[in-house]
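First comes the structure, then the notes that go with it.
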Amino acid sequence: MREFLTISGALNRVQATGLRAKATSTAKANELSETPFTLISSRQDAESALRAISGASILGADTETTGLDPMRSRVRLLQIATPEHAFVFDLFAYPALDDAPLRELLANPEVTKIFHNAKFDLKMLLYHFKLEVRGVFDTLLASQLIAAGRSEDRHSLAAVVERYLNQAVDKSMQVSDWSGQLSELQYEYAAKDAVLMLPLREAISERLAQLRLEAAAQLEMDCVLPIAAMELAGMGIDVKCWRELVTNLERAHDALSIELRRELSSGIPQLSLFDEPPTINVDSPAQVIEALARMGIKVEGTRSWQLEPLAKEHTAIARLLEYRSVQKLLSSYGLAILDHIHPVTGRIHADFQQIGATGGRMACSKPNLQQVPNTPEYRSCFRAPAGRKLVIADYSQIELRILADWSQDTALVKALFSGEDLHCVTASQMFGIPLDQVTKAQRAAAKQLNYGIMYGLGAPGLAARIDCTPEEAEGLIRKYFAAYSGVAAFLRESADRAVKQRESRTRSGRLITFSFDGGDRAQVAATQRLGKNAPIQGSSADIIKRALVLIHDALKPFDTRIINCIHDEIVIESAEAQAAEIAALLDHKMVAAAREFISSVPVTVDALISDAWLK
DNA sequence: TAGAATCGCCAC
DNA sequence: AAACGTGGCGATTCTA
């Protein structure tokens with residue numbers, strides 16, 4: 001067993017144990033560098049290390065890996081720190097993660113393991129050692145929760161250590177080569193990162209408690225493992241199907257492009273019939289505006305909502321809109337997505353940012369599997385492999401149900417209990433007419449209001465969407481709030497609170513803070529809209545995250561994995577024979593998750609079994 | 001010439 | 001969109 005005393009090796013261990021939150025930052029810095037560590041490279045080392053660790057209920061933890069991709073790199077070091085001592089397991093020297101005691105320690109939810117960005121380490125440990133780490137405390141997620149939407153706060157380990165411990169951290173070794181012979185400095189660096197987690201958690205936990213964020217934090221910590229597993233599982237894509245789709249789109253794109261250039265050039269005299277179409281770049285809004293001006297069409301911009309009203313009048317504009325939609329699909333969802341197919345698994349392993357939006361929603365990138373066009377052509381390319389099925393489940397109108405539960409609006413609650421088409425019920429309540437007399441236009445208006453009202457939709461916005469005058473829209477909004485006066489009061493209070501207290505909370509207690517110039521009317525109005533929307537959108541995120549946790553745990557006995565999560569929808573891939581059982585389980589767990597946050601209105605989940613990602 | 005800003009649009 | 005919220009991302013255009 002190799003014993004190391006870092007930097008000031010002369011100091012004894014009694015001194016080194018003194019990791020106390022109340023210590024000054026300077027003292028802390030010294031103490032950190034004094035915590036001794038032991039390199040574990042044999043069975044005997046591991047056994048004695050486990051004896052030393054086993055009494056602790058909170059451990060600093062970290063891993064060093066030979067790369068960032070779990071499927072193409074290996075875990076070299078596992079570092080575990082108690083306040084007294086750190087242990088660096090060199091897994092190349094001795095495979096300690098094959099030993100039951102260490103596995104049990106990591107899997108034990110009663111023993112807290114503190115990581116920074118635990119998703120990374122959990123993926124590595126899950127992939128290489130089939131080990132589900134529980135009892136996670138993630139200082140990255142905690143820091144994001146505390147930031148509560150302040151985008152200026154950074155959350156790298158260095159930034160967080162600086163903020164909470166007022167201490168600089170050396171990350172120079174992070175990208176060093178962890179695959180060969182390691183230097184003493186590398187071991188020391190590795191040990192330090194784990195040791196650092198302990199005081200960092202103390203400082204962060206104190207802050208979480210001050211802000212009453214413990215429950216929200218627990219929800220997030222529980223969610224790391226399901227999300228790590230989801231990323232590892234990845235989503236299968238039918239490459240041939242996708243290529244065909246892209247080829248068809250390219251054909252349409254090329255034809256539309258030529259036609260469009262011709263139509264947009266009607267103001268330019270063409271020298272001869274055999275000339276190439278003019279070299280106008282139809283992807284350039286500036287050039288399109290110029291071309292339209294030559295044709296006598298004046299537009300402020302070329303966004304679809306600006307062009308839409310003119311499309312009936314001018315075929316060139318209709319063509320432009322058509323071209324745009326194809327161009328968008330091609331550029332954003334073209335062959336580029338195939339670059340994300342993993343060479344080892346043949347699947348797409350997107351990157352989910354657990355706290356991606358200020359309200360707590362997840363975000364997804366590389367590629368963004370939350371924005372695949374919702375058309376059969378696209379979605380049918382995401383298919384279950386042979387012998388397997390996709391089980392797709394989504395909440396029905398979850399945000400409206402949160403709004404109803406939160407506001408306790410009698411009419412909205414009743415409408416949700418009725419089980420009737422909600423937009424029809426809303427229309428009937430707005431216009432004071434029986435359900436069967438609701439017209440298409442009335443239902444459309446009610447639908448827009450149901451969807452838009454909690455985002456702070458105003459009369460001009462509604463008018464633009466349902467093709468009526470702002471005055472008429474104003475009247476419709478009045479009718480809506482007359483029918484749902486509890487919703488009106490709730491949203492007003494939410495908006496006021498956001499402006500006055502500069503913060504809101506979701507149902508889990510997640511905090512969202514607002515910074516704005518109170519003297520700026522536009523900024524106040526924007527904050528009011530956020531005050532209405534953020535708690536509801538964020539509570540929806542609370543619910544789906546809770547659902548991920550319940551489902552991940554419940555799925556354990558099955559040959560099944562969560563493969564995507566799109567705000568109110570969860571996609572699972574399962575063995576064909578189990579699909580029906582899984583669908584029922586999904587439904588049950590998603591309802592149970594929602595029940596933890598909303599209890600006074602029904603919650604409905606639509607679950608279906610399919611070969612592809614199709615509804 | 002690389003990165004930032006802008007425009008535009010997909011998802012929920 | 002002096003505007004209904006949250007994101008990611010691609011092409012063009014601007015900037016240092």
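Lettering of chains follows the sequences in order, A, B, ..., and the numbering in each one begins at 1. What you see is a predicted model; the values in this text were computed from it and never measured.
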In B/S/- notation, 5' to 3', how is nucleotides 7-12 of chain B contacted by protein heavy atoms closer than 4.0 Å?
SBBBSB
Once side-chain hydrogen bond (donor to acceptor under 3.5 Å, both in side chains) is applied, do any residues pair with A/Glu596, and if so which ones, sequence neighbours excluded?
A/Arg546
At what distance, to the nearest 0.5 angstrom, does CD of A/Gln353 lie from NZ of A/Lys366?
10.0 Å
So what does A/Ile536 hit on the nucleic acid, given a heavy-atom distance under 4.0 Å: a base, only sugar-phosphate, or nothing?
nothing
Mind checking the P distance from C/dA1 to B/dT6? Whole angstroms is fine.
12 Å
Rounded to whole Å, please give me the gap between CD1 in A/Ile348 and C1' in C/dC9.
15 Å
Describe the nucleic acid contact of A/Ser540 in one word from base, sugar-phosphate, nothing, applying a heavy-atom distance below 4.0 Å.
nothing
Closer to the 5' end of DNA chain C via nearest nucleotide, is it A/Ser365 or A/Gly452?
A/Gly452
Rounded off to whole Å, could you give me the CG-to-P distance for the A/Asp339 and C/dG10 pair?
10 Å
Quick one: label A/Gly359 by what it contacts on the DNA or RNA (base, sugar-phosphate, nothing), any heavy atom closer than 4.0 Å.
nothing
Quick check on contacts: within residues 237-257 of chain A, what sits under 4.0 Å from DNA chain B by heavy-atom distance?
none
In whole angstrom, what separates A/Met362's CE from C/dT6's P?
18 Å
Reckon A/Ala534 touches a base, only the sugar-phosphate, or nothing at all at heavy-atom distances under 4.0 Å?
nothing
Step-by-step ring-ring contact (aromatic ring centres under 6.0 Å, His included) determination, A/Tyr378 to A/Trp242
CA-CA 7 Å; A/Tyr378 276 94; A/Trp242 191 270; 5.3 Å; yes
Measure from the side-chain heavy atoms of A/Ala363 and tell me the nearest of C/dC4, C/dG7, C/dG5.
C/dG7
In terms of ring plane angle, is the pair A/Trp613 and A/Phe382 parallel, tilted or perpendicular, where the classes change at 30° and 60°?
perpendicular
Side chains of A/Tyr333 and A/Asn368: donor-acceptor distance under 3.5 Å anywhere?
no
Under 4.0 Å between a side-chain nitrogen and a carboxylate oxygen: does that hold for A/Glu503 and A/Arg497?
no
With sugar-phosphate meaning primed atoms plus P, OP1 and OP2, does A/Lys366 contact a base, only sugar-phosphate, or nothing at under 4.0 Å between heavy atoms?
sugar-phosphate
When rounded to the nearest 0.5 angstrom, what is the spacing between CG in A/Leu232 and CE in A/Met71?
6.0 Å
Sugar-phosphate, base or nothing in reach of A/Gly458, heavy atoms under 4.0 Å:
sugar-phosphate
Tell me whether the count of non-hydrogen atoms from other residues, nucleotides or ligands lying under 6.0 Å of NE2 in A/His588 goes above 12.
no
Is there a side-chain contact between A/Phe120 and A/Leu68 in this structure, where contact means two heavy atoms from C-beta onward sitting under 4.5 Å apart?
yes
What is the distance, to the nearest angstrom, from the CD1 atom on A/Ile466 to the P atom on C/dC4?
13 Å
What is the distance, to the nearest angstrom, from the CZ atom on A/Arg529 to the C1' atom on C/dT6?
13 Å
Without decimals, in angstroms, what is the distance between A/Asp351 CG and C/dG8 C1'?
12 Å
Roughly how many Å apart are C/dC4 and B/dA5, using the C1' atom of each and rounding to a whole number?
24 Å
So how far is it from A/His349 NE2 to A/Lys123 NZ, rounded to the nearest 0.5 Å?
9.0 Å
Relative to the 5' end of DNA chain C, which residue comes earlier, A/Cys364 or A/Arg465, by the nucleotide with the nearest heavy atom?
A/Arg465
Of the nucleotides C/dC4, C/dG7, C/dA1, which one has an atom closest to the side chain of A/Gln448?
C/dC4
Nearest-Å distance for atom pair CD/P, residues A/Gln528 and C/dC4:
13 Å
Starting at CG of A/Asn564 and ending at P of C/dG8, how long is that distance when rounded to a whole Å?
15 Å
